[in-house]
Number of protein chains: 2
Amino acid sequence: MARTTGSDGERTEAAVREAAVNLIARHGYEAMSMRRLAAEVGVQAAALYRYFPTKEDLLFTLMREHMEGLRQAWEHARPTDADPAEQLAAYVRNHIAFHIERRHATHVSNMELRSLSPDRLTQILRMRTAYEKELRSILREGAEAGDFSIEDTGLTAMALIQMMTGVIVWFRPGERLSVTEVTATYLSMTMRLVGARMDTDSAARPSDVQRTL
Amino acid sequence: MARTTGSDGERTEAAVREAAVNLIARHGYEAMSMRRLAAEVGVQAAALYRYFPTKEDLLFTLMREHMEGLRQAWEHARPTDADPAEQLAAYVRNHIAFHIERRHATHVSNMELRSLSPDRLTQILRMRTAYEKELRSILREGAEAGDFSIEDTGLTAMALIQMMTGVIVWFRPGERLSVTEVTATYLSMTMRLVGARMDTDSAARPSDVQRTL
DNA sequence: ACAATAATAAAACGAACGTTCAATTAATTC
DNA sequence: GAATTAATTGAACGTTCGTTTTATTATTGT
């Protein structure tokens with residue numbers, strides 16, 4: 001047989017991406033065979049090569065678009081003319097919301113870096129570093145303004161990111177806690193961790209957190 | 001050829017374990033072939049099967065002994081008759097020290113769980129849960145005693161563990177910060193995060209942290 | 001309706017995989 | 001020093017892998 005009735009390139013490619021994210025997140029990139037992926041989509045393995053020249057190209061595409069999406073989400077969520085505490089709160093909210101919505105894709109982007117070729121690895125890491133740099137800037141400005149009390153900006157940024165991203169490891173929607181509750185708790189933990197002063201009308205105040213979530 | 005001069009089962013098995021931890025941490029379990037592992041040890045692939053009946057048995061052994069080592073380390077480091085802040089400080093110190101010393105093994109135990117058979121996965125997760133439970137107990141007792149102010153014990157425990165374990169992702173010995181400095185900063189971040197009261201002579205006080213490290 | 005193009009199937013490629021087996025040699029035991 | 005045991009090799013097994021090639025059919029444009 002050959003082309004099947006109702007076949008559509010765009011739909012097939014989208015189905016391949018979605019199935020690939022799920023399979024890689026569940027079994028790992030190396031453990032996912034192109035035949036298994038094709039079966040998931042309902043197509044023969046050879047058909048995949050119409051959309052992605054190699055298996056690694058597929059992985060890289062998924063990662064690049066995930067990182068690009070993260071950058072865009074922050075660009076959109078980032079407040080203008082806000083004090084450091086409000087900026088930090090926005091960063092935390094955006095980070096947690098984005099990663100909870102994309103648990104599988106985040107797993108792929110974080111755990112399969114070693115399967116990329118050196119220059120592609122560099123590209124992804126560059127995007128990640130740029131995103132993390134935004135957090136460091138907020139922390140530094142907050143520390144300089146006296147709003148935060150931080151010992152080491154770089155180390156604190158890494159600790160916060162690991163803490164926030166770690167949500168996807170244990171969080172399951174529909175269990176004990178809602179996304180709103182989790183986000184609120186992480187916000188207050190973050191604010192305490194950076195020693196945020198609580199004497200202003202910033203978004204860091206618990207009551208405010210509930211309202212602006 | 002056959003048995004080689006100077007060959008020794010114990011030495012070979014130890015070499016296999018060490019090489020396996022490094023290879024799996026760097027390239028992933030699925031990406032590590034038995035032939036590549038054997039080459040690293042300086043032996044033929046068939047020789048590996050004298051020590052581990054299957055590839056998965058090798059992985060499981062590495063993970064089980066890592067988790068068992070963590071349990072023993074905490075059993076030894078755990079203070080008796082200490083207030084919650086001191087116990088928490090001991091937990092943080094032990095956790096960071098253990099994981100920095102065993103970066104590769106930790107990577108294996110955290111990232112290759114999906115390659116285990118269901119019942120072996122359950123065994124490893126049980127060990128992990130038991131270890132995490134210790135932290136939850138400390139947090140709960142501290143909260144009940146009024147030493148900590150915590151919104152959600154379980155969520156705080158997960159956040160702390162993710163934050164601390166995350167050290168191995170970015171920490172490289174011999175770079176900007178020493179293990180001692182990193183541990184001290186993580187200790188004070190932890191104490192702020194749990195809202196530890198600073199009005200007692202606990203190990204949570206920065207000056208004390210420096211002394212008891 | 002007919003040509004051009006898009007989307008797939010089917011089969012095959014060589015390479016690599018985990019694992020097994022028989023043969024062989026080194027070390028140990030008696 | 002002969003018998004036994006421990007450690008390893010080299011070759012092979014069947015399977016699966018990513019990928020390529022060729023043929024075939026559906027859709028689109030004219």
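Labels below follow one simple rule: chain letters A, B, ... track the order of the sequence lines, proteins then strands, and each chain is numbered from 1. These numbers were taken from a predicted model, which means no experiment stands behind them.
Here B/Tyr51 lies in heavy-atom contact (under 4.0 Å) with sugar-phosphate atoms only.
Rounded to an integer number of Å, the gap from A/Asp57 CG to D/dT20 P is 11 Å. In this structure, CG of A/Leu58 is placed 10 Å from P of D/dT19, rounded to the nearest angstrom. In this structure, A/Arg35 atom CZ and C/dA11 atom P are separated by 13 Å, rounded to whole Å. Distance, A/Lys55 NZ to D/dT16 C1': 12 Å, rounded to whole Å. The CD atom of A/Glu56 sits 19 Å away from the P atom of D/dC17 (whole-angstrom rounding). Summarising the geometry, the separation between CG on A/Leu37 and P on D/dT16 is reported as 18 Å, rounded to the nearest angstrom. Distance A/Arg50 CZ to D/dT21 C1': 15 Å, rounded to the nearest Å. What separates CD of A/Glu10 from P of D/dT27 is a distance of 16 Å, to the nearest Å.
Neither OP1 nor OP2 of C/dG18 sits under 4.0 Å from any side-chain N or O of B/Tyr29. A sub-4.0 Å separation between OP1 or OP2 of D/dG10 and a side-chain N or O of B/Gln44 is present. Under 4.0 angstrom from either OP1 or OP2 of C/dT8 there lies at least one side-chain N or O belonging to A/Thr12. A close approach under 4.0 Å does not occur between any side-chain nitrogen or oxygen of A/Tyr49 and OP1 or OP2 of C/dA9.
The listed nucleotides are D/dA11, D/dT8, C/dT8; the one nearest the side chain of B/Ala46 is D/dA11.
The 5' end of DNA chain D is approached more closely, in terms of each residue's nearest nucleotide, by A/Ser33 than by the other of A/Ser33 and A/Pro53.
A/Arg17 and A/Glu65 are joined by a salt bridge, as a carboxylate oxygen and a charged side-chain nitrogen come within less than 4.0 angstrom of each other. Remark: B/Arg176 engages A/Asp152 in a salt bridge, criterion side-chain N to carboxylate O under 4.0 Å. Salt bridge status for B/Glu144 with B/Arg140: absent, with no side-chain N to carboxylate O gap under 4.0 Å. Salt-bridge formation is not detected for the pair B/Glu68/B/Arg64: no Lys NZ or Arg NE/NH1/NH2 atom is positioned less than 4.0 Å from an Asp or Glu carboxylate oxygen.
Not less than 6.0 angstrom separates the ring centroid of B/Tyr186 from the ring centroid of B/His95.
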